[in-house]
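Structure first, then comments.
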Amino acid sequence: MESGSYEGVLLGMGNPLLDISAVVDEAFLAKYDIKPGNAILAEEKHLPMHNELASKVNVEYIAGGSTQNSIRVAQWMLQIPGATSYMGCIGKDKFGEEMKKDAQAAGAHYYEDDNAPTGTCAVCIVGGERSLVANLSAANCYRSEHLKRPENWALVEKAKYIYIAGFFLTVSPDSIQLVAEHAAATNKVFMMNLSAPFICEFFRDAQEKALPYADYIFGNETEARTFAKVRGWETENTEEIALKISQLPKASGAHKRITVITQGCDPVVVADDGKVKTFPVILLPKEKLVDTNGAGDAFVGGFLSQLVQEKSIDECVRAACYAANVIIQRSGCTYPEKPDFN
């Protein structure tokens, strides 16, 4: 494809959140009853936590939200202006303005809510491992009416690849359905992420409705095991689970489903056409690890950057591992000016 024909090729929809990231200790996690490596939605007991994090000396504010991270990384890897676009809901406030500045390059088209503040995500770093607590606020206000506006639906029409993280299932399943049905009807590639154990457990019905449309499903080993457990699959083997996910019923026969499961520093598992392949990741010495926040999102972003160029799965995984490796050596989902991937 000529670079002009990449315009708007990749569309993401999700929950734009401003990450409030700081290094904390075990006592902080215990105080708010959160587990390392997990991702949850904020409850009443977590609300003071965002302010406590904000008062820490080492606090950083970084544009986040899972899908937005992936789209930003894909745009960075592609280095073709205007190749991506993104939709989600923010508030009319300082954090919202901050987000607009950060996400401009990724083609963000925000719906701005008058009544709710921009969503935030508390990122608690202990020993390089991150724990996420999302307070969705305005992100939770996204509605399919916004999607149906002609200028926004035009982004859907233009895109050939559409990616939505599972977190959006908690906000606007009907928006997901509209886009998924459009993708199936027009032979576009529709992709989702398992995103978090709580999505697989507590939003199973919404997930079940969307999954038949998914041509690619991403996730990590913990999410994959939870997905298997709630379905009564008697296995914890990531390769078996990836294969079973790839063989679940599909709404359209145009594309076969490919499942991609990451396992931290263990090999990436790809189930495709009844076969499983594994790919080693780039190992990083412990002293170079800054934090794992955004690693999974960056992995997807790297993967998508090659997929939209119709590269092989091997190349997609190689780019995915490269992007994740860059992100874990930096704070949050941030990256240098240009990728060094060839």
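Index from 1, following the sequence.
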For Gln309 and Leu78, what are the C-alpha separation, side-chain angles and deciding distance, and is it a side chain to side chain contact (heavy atoms under 4.5 Å, CB included)? CA-CA 9 Å; Gln309 299 179 72; Leu78 278 161; 3.5 Å; yes
Are the side chains of Ile199 and Arg204 in touch, meaning some heavy atoms are under 4.5 Å apart?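 When only atoms from C-beta onward are counted, Arg204 and Ile199 do not touch, as no gap falls below 4.5 Å.
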Ring centroid separation [X] to [Y] under 6.0 Å:
X	Y	value
Tyr142	Phe168	yes
Tyr322	Phe341	yes
Tyr61	Phe95	yes
Phe303	Phe218	yes

Is the CD atom of Glu287 crowded by more than 12 outside heavy atoms at less than 6.0 Å?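 Above 12, so yes.
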Strictly below 4.0 Å, N to O, side chains only: are [X] and [Y] in salt-bridge contact?
X	Y	result
Arg72	Asp297	no
Glu201	Lys229	no
Arg231	Glu208	yes
Glu97	Lys100	yes

Run the side chain to side chain contact (heavy atoms under 4.5 Å, CB included) check on Ile164 and Met191 step by step: do they pass? CA-CA 6 Å; Ile164 303 178; Met191 302 164 285; over 6 Å; no
For Asp215, which of Arg257, Lys256, Lys160, Lys250 qualifies under salt bridge (charged side-chain N to carboxylate O under 4.0 Å, His left out)?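 Filter result, single survivor: Lys250.
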Identify which one of Val23, Ile20, Val133 satisfies the side chain to side chain contact (heavy atoms under 4.5 Å, CB included) criterion when paired with Leu53.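 One option only clears the test, and that one is Ile20.
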